[in-house]
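A short write-up of the structure that comes next.
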Protein chains: 2
Amino acid sequence: MMENHIFKALADPTRRTIFEKLASADGMNASALRDGMTISQPAMSQHLAVLRDAKLVQEERQGRFVQYRINPEGLDMIVQWVARYSIFWPERVNALRQTLKEMDQ
Amino acid sequence: MMENHIFKALADPTRRTIFEKLASADGMNASALRDGMTISQPAMSQHLAVLRDAKLVQEERQGRFVQYRINPEGLDMIVQWVARYSIFWPERVNALRQTLKEMDQ
DNA sequence: CAAACACATAAGCACACACTTATGTGTTTA
DNA sequence: TAAACACATAAGTGTGTGCTTATGTGTTTG
């Protein structure tokens with residue numbers, strides 16, 4: 001909800017890594033998220049709390065595990081913010097045409 | 001340049017306000033940026049330095065003033081990052097296609 | 001039901017960060 | 001050329017942040 005919370009949550013590289021990992025899977029629990037990363041259990045838990053407070057991820061308890069997944073709408077506010085300041089600039093139009101062209105292929 | 005620098009630069013609400021102000025104008029000097037904001041001269045200078053290091057703004061000395069303006073490519077890396085993870089991005093892309101189409105007429 | 005497990009929370013610590021006041025640097029003006 | 005001006009930089013300070021260790025909470029398993 002609060003724009004600032006989302007920006008702050010994304011400002012930490014470890015949290016972005018967690019977010020990216022979640023995005024590449026279809027939901028993971030905190031332990032699964034940890035492996036491959038050098039991060040303690042409390043640190044992971046605290047990072048997930050920040051992401052959850054920013055509504056960037058959702059949690060769902062499943063037995064003694066907690067399944068985390070991306071909140072599809074979580075980035076909406078950032079998308080809108082970034083779009084305001086990156087897309088609608090005349091000097092960028094040609095670059096954008098090229099980008100869209102590449103997306104078509 | 002460095003993805004992390006950009007995210008960190010945008011994580012501060014005062015810096016986002018400065019960035020937004022610059023985007024709405026066509027270049028402003030540091031003093032012009034200050035008015036309307038409750039911020040000291042050194043604080044403004046330091047914020048501008050962070051934005052400049054993140055390559056989000058460009059500076060150009062003009063006499064004893066320094067003209068600041070948005071770097072149009074500054075947000076590119078964030079745009080790409082966000083586009084990867086937001087389901088709302090396709091809507092933005094479609095809107096953009098439409099805009100470009102209208103520009104062709 | 002006791003132990004093991006998955007995770008959250010509390011408290012403390014080191015460092016980063018955003019601000020302040022003071023001063024430095026470069027340019028213009030009177 | 002001295003003063004005024006626009007801005008940068010230095011140094012110090014309070015607060016925020018990300019980590020650690022320790023412990024708490026809830027669930028499953030033997």
Side-chain angles (χ1 to χ4, degrees), chain A residues 1-22 25-71 78, chain B residues 1-22 25-71 78:
Chain A
M1 190 57 187
M2 179 111 260
E3 184 182 87
N4 198 42
H5 281 25
I6 308 180
F7 272 111
K8 287 224 184 284
L10 293 177
D12 182 77
T14 304
R15 268 189 309 264
R16 285 200 305 280
T17 300
I18 294 170
F19 186 88
E20 289 164 6
K21 258 190 136 176
L22 276 178
D26 200 55
M28 296 174 83
N29 57 54
S31 297
L33 275 168
R34 280 184 66 203
D35 46 56
M37 301 184 65
T38 308
I39 185 174
S40 69
Q41 180 268 316
M44 174 60 78
S45 185
Q46 286 158 17
H47 279 308
L48 286 168
V50 173
L51 290 171
R52 182 173 44 76
D53 289 349
K55 304 212 192 304
L56 286 169
V57 304
Q58 300 165 331
E59 65 176 64
E60 180 190 357
R61 186 160 258 273
Q62 287 180 358
R64 57 183 169 176
F65 294 84
V66 175
Q67 200 68 358
Y68 283 92
R69 68 188 72 250
I70 296 281
N71 171 21
I78 305 301
Chain B
M1 188 66 178
M2 179 114 255
E3 184 182 89
N4 198 43
H5 282 26
I6 309 179
F7 272 112
K8 288 225 185 281
L10 294 177
D12 183 78
T14 303
R15 273 194 301 268
R16 284 200 305 280
T17 299
I18 295 171
F19 186 88
E20 290 164 6
K21 257 189 139 177
L22 276 178
D26 202 53
M28 297 174 83
N29 57 54
S31 297
L33 275 168
R34 279 184 67 203
D35 45 56
M37 301 184 64
T38 309
I39 184 173
S40 69
Q41 180 269 316
M44 174 60 79
S45 185
Q46 288 158 15
H47 279 308
L48 286 169
V50 172
L51 290 171
R52 181 173 43 76
D53 290 348
K55 303 212 191 306
L56 285 168
V57 304
Q58 299 166 332
E59 64 176 64
E60 180 189 357
R61 185 160 261 273
Q62 287 181 357
R64 57 181 168 178
F65 294 84
V66 176
Q67 200 69 355
Y68 283 92
R69 68 189 72 251
I70 295 281
N71 172 21
I78 304 300

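Within every chain, numbering begins at 1; the chains are lettered A, B, ... in the order of the sequence lines, protein sequences first and strands thereafter. As the structure is a prediction and not an experimental result, all values here were calculated from the model.
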Is there a side-chain contact between B/Glu59 and B/Tyr68, using heavy atoms and a 4.5 Å cut-off?
-> yes
Here the distance between atom C1' of D/dA8 and atom CG of B/Leu51, to the nearest Å, is 15 Å
Considering all heavy atoms, the nearest A/Asp12-B/Lys8 contact = CA-NZ, 4.4 Å
Using whole Å, report how far CG of A/Asp53 lies from P of C/dA8.
-> 12 Å
Determine: side-chain N/O of A/Asn29 to OP1/OP2 of C/dA6, distance under 4.0 Å, yes or no.
-> no
Do the side chains of B/Leu48 and B/Arg52 get nearer than 4.5 Å, heavy atoms only?
-> no
At under 4.0 Å between heavy atoms, which parts of nucleotides 15-24 of chain D does protein reach? Answer with one letter per nucleotide, 5' to 3': B base, S sugar-phosphate only, - none.
-> --SSBBBB--
Do any N or O atoms from the side chain of B/Arg16 and from the backbone of B/Leu10 form a donor-acceptor pair under 3.5 angstrom?
-> yes
Check: residues 32-44 of chain A side-chain donor-acceptor pairs under 3.5 Å, at least two apart:
from	atom 1	to	atom 2	distance (Å)
A/Arg34	NE	A/Ile39	O	3.0
A/Arg34	NH2	A/Ile39	O	3.1
A/Ser40	OG	A/Ala43	N	3.2

For DNA chain D, the residues among residues 30-38 of chain A that have a non-hydrogen atom under 4.0 Å from it | none
Measure across A/Ala9 and A/Val50 and return the closest heavy-atom pair with its distance rounded to 0.1 Å.
-> CB-CG1, 3.9 Å
Main-chain N/O of A/Leu22 paired to A/Arg69 side chain as donor or acceptor, under 3.5 Å = no
Please identify each residue that fulfils side chain to side chain contact (heavy atoms under 4.5 Å, CB included) with B/Phe65, with sequence neighbours left out.
-> B/Asn29
Smallest heavy-atom separation, A/Phe19 atom then A/Leu56 atom, equals CE1-O, 3.6 Å
Check the distance between C/dC7's C1' and A/Leu48's CG and give it to me in whole angstrom.
-> 10 Å
Which residues within residues 57-69 of chain A lie with some heavy atom under 4.0 Å of an atom in DNA chain D?
-> A/Arg61, A/Gly63, A/Arg64
Sequence neighbours left out, what passes side chain to side chain donor-acceptor pair (under 3.5 Å) with A/Gln67? Give chain and number order.
-> none
